[in-house]
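Working notes, structure below.
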Amino acid sequence: MKLQLRQELSNVRQKDMSVAGYTTRIKEICDSLASINVTVEEDEMVQVCFVGLALKFGAFRTAIYTRENTPSFFDLQLMLRLEENHVGA
């Protein structure tokens, strides 16, 4: 179960999902891992989210990568929802 969930987390991609659907899926996988006592650090959640983002978020991803501080997963979700409205769903 642990390896399967870890693999699923590594492979999650936004594809045609909304930002809300995509980030919810990441959170669900992390919650499933937590239920079997596997901790996923906040930075890892952010990294997983960045890796699987749709191409239309490329400029946004670059802008966040150049920041001194990595946002929390919660803050990243909010920023992505705003960006989704900007670039179009």
Side-chain angles (χ1 to χ4, degrees):
M1 178 87 153
K2 175 183 170 182
L3 292 176
Q4 179 185 354
L5 288 168
R6 276 282 181 195
Q7 186 67 37
E8 194 172 339
L9 186 60
S10 295
N11 292 333
V12 67
R13 299 292 181 264
Q14 184 180 10
K15 297 181 184 173
D16 61 349
M17 283 188 271
S18 67
V19 164
Y22 175 57
T23 56
T24 297
R25 184 68 193 125
I26 293 169
K27 183 77 170 93
E28 287 171 349
I29 298 167
C30 292
D31 288 348
S32 294
L33 283 162
S35 74
I36 57 170
N37 297 317
V38 177
T39 303
V40 179
E41 298 294 330
E42 186 95 8
D43 286 350
E44 183 180 355
M45 291 174 70
V46 169
Q47 182 65 27
V48 164
C49 187
F50 278 142
V51 168
L53 277 174
L55 292 177
K56 68 182 177 181
F57 292 101
F60 173 83
R61 184 181 314 130
T62 300
I64 298 300
Y65 271 141
T66 59
R67 291 174 56 157
E68 188 172 324
N69 297 318
T70 303
S72 68
F73 187 70
F74 178 80
D75 288 344
L76 179 61
Q77 290 177 75
L78 296 177
M79 291 186 287
L80 279 169
R81 287 181 185 186
L82 289 172
E83 184 67 11
E84 182 175 50
N85 289 334
H86 180 335
V87 299

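Predicted model, so just to flag it, every value in this text is computed and none were measured.
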Roughly how far, to the nearest 0.5 Å, is CG of L76 from CZ of R81? 11.0 Å
When the side chains of residues 36-48 are checked against the rest of the protein, which donor-acceptor pairs come out under 3.5 Å, sequence neighbours left out?
from: E42; atom 1: OE2; to: F73; atom 2: N; distance (Å): 2.4
from: E44; atom 1: OE1; to: R6; atom 2: NH1; distance (Å): 3.3
from: E44; atom 1: OE2; to: R6; atom 2: NH1; distance (Å): 2.5

Mind checking side chain to side chain contact (heavy atoms under 4.5 Å, CB included) for A54 and listing every partner two or more places apart, or none if nothing turns up? Q14, K56, F57
Anything under 3.5 Å between a donor and an acceptor, one on a side chain of residues 26-33, the other on a protein residue two or more places apart or in another chain? List them.
from: K27; atom 1: NZ; to: D31; atom 2: OD1; distance (Å): 2.8
from: E28; atom 1: OE1; to: R25; atom 2: NH1; distance (Å): 3.1
from: S32; atom 1: OG; to: E28; atom 2: O; distance (Å): 3.1

V87-L80 co-clustered via ILVMFWY side chain contacts under 4.5 Å: yes
Applied to residues 16-50, the ring pair (Phe, Tyr, Trp, His ring centres under 6.0 Å) test, sequence neighbours excluded, yields F50-Y65
If I take atom OG1 from residue T23 and atom CD from residue Q77, how far apart are they, to the nearest 0.5 angstrom? 4.0 Å
Which residues share a side chain to side chain contact (heavy atoms under 4.5 Å, CB included) with A63, sequence neighbours left out: none
Among all residues two or more places apart in sequence or in another chain, which pass the side chain to side chain contact (heavy atoms under 4.5 Å, CB included) test with S10? none
Taking only residues two or more places apart in sequence or in another chain, which ones pass side-chain hydrogen bond (donor to acceptor under 3.5 Å, both in side chains) with S72? D75
Between P71 and M79, which heavy-atom pair has the shortest distance, and what is it? CB-CE, 3.4 Å
Members sharing F74's hydrophobic cluster (side chains within less than 4.5 Å): L78
